[in-house]
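Note that these values count all heavy atoms, side chains included, but never hydrogens, waters or copies made by symmetry.
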Amino acid sequence: MVDNNTGMLAVGVDAAPGALHAARWAAREAVRRHRGLRLVHATDERSLHYPRGLPVGDDLLEVVRMRGHRLLRAARDAVREVAPELPVELVLSREAPGEVLLDESKAAPLLVLGTPGLRPLARVFAGSLSIALSAHAACPVALVRGHAGDDEPPSEGPVVVGVDGSSSSEEAVAIAFEEASWRDVPLMAVHAWDDAFLSAVFEETHWTPDEAAVEARESEVLAERLAGWQEKFPEVAVERVITRGRPSAALLDVADRAQLLVVGSRGRGGFSGLLLGSTSQGVMSYALCPVLVARHRR
C-alpha cells in the first residue's frame with residue numbers, strides 16, 4: 001500500500017497562470033484525502049543582485065517579498081473557490097525554489113506543481129524545475145498543466161497508468177489503483193511491448209516478431225503485475241491495454257481521454273534516483289491531463 005503520511009499537500013506557487021490551476025486541483029485532492037494544503041512560494045533572494053555584484057537594496061527586497069505575498073494570496077483565493085473550508089497554510093521562503101520544494105516533499109504526501117499552458121498548434125515542454133523535482137522529490141509529484149482561459153484540468157474519464165515491469169512502475173500501479181478508487185472511476189493499465197531497442201534489433205536482423213505470441217506473453221505479464229492490486233481494490237474496474245510502440249506514444253494516446261495519468265519516475269534503465277525516465281519526461285511535456293509521477297517515499 002502507498003505510504004502517505006499525515007502531512008499537508010504542498011503546492012508550488014509562482015506567477016505562471018498554471019499555478020492557480022494547480023492550486024485548485026490540489027485543493028480538490030486535499031479534500032479527497034482529508035488533508036490540508038500548504039501553498040509555497042520561494043523568492044530566492046540570494047540570486048538577486050544589482051549589476052556588477054552590488055548587493056540588493058532593502059527596498060527591492062521588500063518589493064520582491066510583497067509580490068510573493070500577493071501570489072500566495074491569489075492562490076489562496078483560488079483554493080477557496082473550490083474548497084472554502086479547507087485548512088490552508090501560506091509559506092513564503094527566501095531560499096531557492098528547488099531547495100524549498102524538495103524540503104517540502106519530505107513531509108508532504110503529494111507535491112503539486114503547475115506546468116506551462118497550451119500554445120497554438122503545439123504542446124509545450126515541462127519546465128526544468130518540474131522535471132528535476134519529479135526526479136528527486138521524496139514524495140509523488142503531480143504536474144498540472146495550465147489550460148486556456150478559465151478551463152480547468154479534466155475531472156472526468158479514467159485514471160491511466162503506465163506499466164513496464166520496473167520497480168518504479170510497481171509504485172505507479174499502487175498509486176493508480178488508489179487514485180482510481182478515490183475517484184470511483186475505471187483504471188486503464190497500458191503496457192507497450194516494443195521500444196526503440198527492439199525496433200533496432202528487428203531492423204538489423206531482418207526478423208519480424210510473432211506479434212500474437214508476443215502480445216499473449218505480455219498480456220500474461222501485465223495480468224501478473226495487476227493481480228495483487230485488483231484483489232486489494234476489487235471495486236476498481238480495470239481495462240488492460242497491450243500495444244506495440246513507444247511507451248510515451250501509447251500513454252499519450254489514451255491520456256487525452258483521462259483525468260489523471262500515473263507514471264513511474266524511472267523506466268527499465270539504470271541510474272535509479274538520478275534521472276527521470278524518458279517516457280515520464282515525454283508524457284509530462286505533452287499530456288493534457290494532470291500527470292502524477294510516482295516516487296518511493298524515503
Side-chain angles (χ1 to χ4, degrees), residues 8-30 36-51 55-83 86 88-105 108 110-120 122-137 141-154 281 284-293:
M8 295 176 132
L9 278 66
V11 184
V13 175
D14 58 17
L20 298 183
H21 287 288
R24 284 188 288 264
W25 185 88
R28 296 185 180 96
E29 294 303 307
L37 200 63
R38 283 170 62 87
L39 303 174
V40 183
H41 176 76
T43 59
D44 195 9
E45 293 180 6
R46 293 175 300 179
S47 67
L48 296 175
H49 294 280
Y50 285 124
V56 174
D58 291 340
D59 289 345
L60 180 56
L61 288 176
E62 183 60 25
V63 169
V64 170
R65 292 167 191 165
M66 289 175 61
R67 177 176 180 270
H69 284 298
R70 186 172 65 252
L71 292 173
L72 287 172
R73 289 194 297 268
R76 181 187 59 194
D77 292 343
V79 166
R80 287 176 174 169
E81 293 174 8
V82 298
L86 182 69
V88 178
E89 294 182 1
L90 305 185
V91 180
L92 180 64
S93 172
R94 300 180 181 182
E95 306 299 320
E99 296 175 6
V100 173
L101 293 172
L102 278 177
D103 193 53
E104 288 286 331
S105 75
L110 180 66
L111 175 63
V112 182
L113 306 171
T115 61
L118 300 180
R119 292 177 182 168
R123 306 181 188 186
V124 294
F125 291 105
S128 58
L129 179 60
S130 298
I131 292 175
L133 287 169
S134 298
H136 297 286
V141 179
L143 305 174
V144 182
R145 183 179 294 282
H147 285 245
D150 295 328
D151 291 344
E152 293 295 315
Q281 288 195 45
M284 284 166 55
S285 295
Y286 292 102
L288 300 180
C289 67
V291 177
L292 200 162
V293 182

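- Residues passing the side-chain contact (heavy atoms from CB on, under 4.5 Å) test with A19, sequence neighbours excluded: D14.
- For the atom pair CG of L110 and CG of L292, the computed distance is 5.5 Å after rounding to the nearest 0.5 Å.
- In this structure, T43 contributes its side chain and S93 its backbone to a donor-acceptor pair below 3.5 Å.
- In this structure, CE in M66 is found 9.0 Å from NE2 in H69, a value given to the nearest 0.5 Å.
- Across L9 and A30, no two heavy atoms sit closer than the pair CD2-N, 3.9 Å.
- Between S134 and V141 the shortest heavy-atom distance is OG-CG1, 3.8 Å.
- Shortest non-hydrogen contact noted between A22 and L113 is CB-C, 3.9 Å.
- Within the 4.5 Å cutoff, the side chain of L37 has no heavy atoms near those of the M8 side chain.
- In this structure, R76 has no salt bridge (Lys or Arg N to Asp or Glu O under 4.0 Å) partners at least two apart in sequence or on a different chain.
- Under the rule for a side-chain contact (heavy atoms from CB on, under 4.5 Å), the partners of A78 that lie at least two apart in sequence or sit in another chain are L20, R24.
- Under the 4.5 Å side-chain criterion, counting only non-hydrogen atoms from C-beta, P154 is not in contact with L288.
- V13 pairs in a side chain to side chain contact (heavy atoms under 4.5 Å, CB included) with only one of the listed residues (V91, L92, L71, V112), which is L71.
- Residues that satisfy the salt bridge (Lys or Arg N to Asp or Glu O under 4.0 Å) test with E29, not counting sequence neighbours, are R32, R33, R183.
- For the pair L39 and A23, the tightest heavy-atom approach, listed with the atom from each and the gap, is CD2-CB, 4.5 Å.
- When all heavy atoms of G98 and L133 are compared, the pair lying nearest together is O-CD2, 3.9 Å.
- Residues satisfying the salt bridge (Lys or Arg N to Asp or Glu O under 4.0 Å) criterion with D77, sequence neighbours excluded, are absent altogether.
- Between the side chain of R38 and the backbone N or O of L90, no donor-acceptor pair lies under 3.5 Å.
- For P153 against R145, the heavy-atom pair with the smallest separation is CG-O, 4.3 Å.
- Proximity of L102 to H136: side-chain heavy atoms (C-beta onward) are separated by under 4.5 Å at one or more points.
- Looking only at side-chain heavy atoms (C-beta outward), P290 and L143 stay at 4.5 Å or farther from each other.
- Remark: side-chain polar atoms of H21 are not paired, donor with acceptor, to backbone N or O of E152 under 3.5 angstrom.
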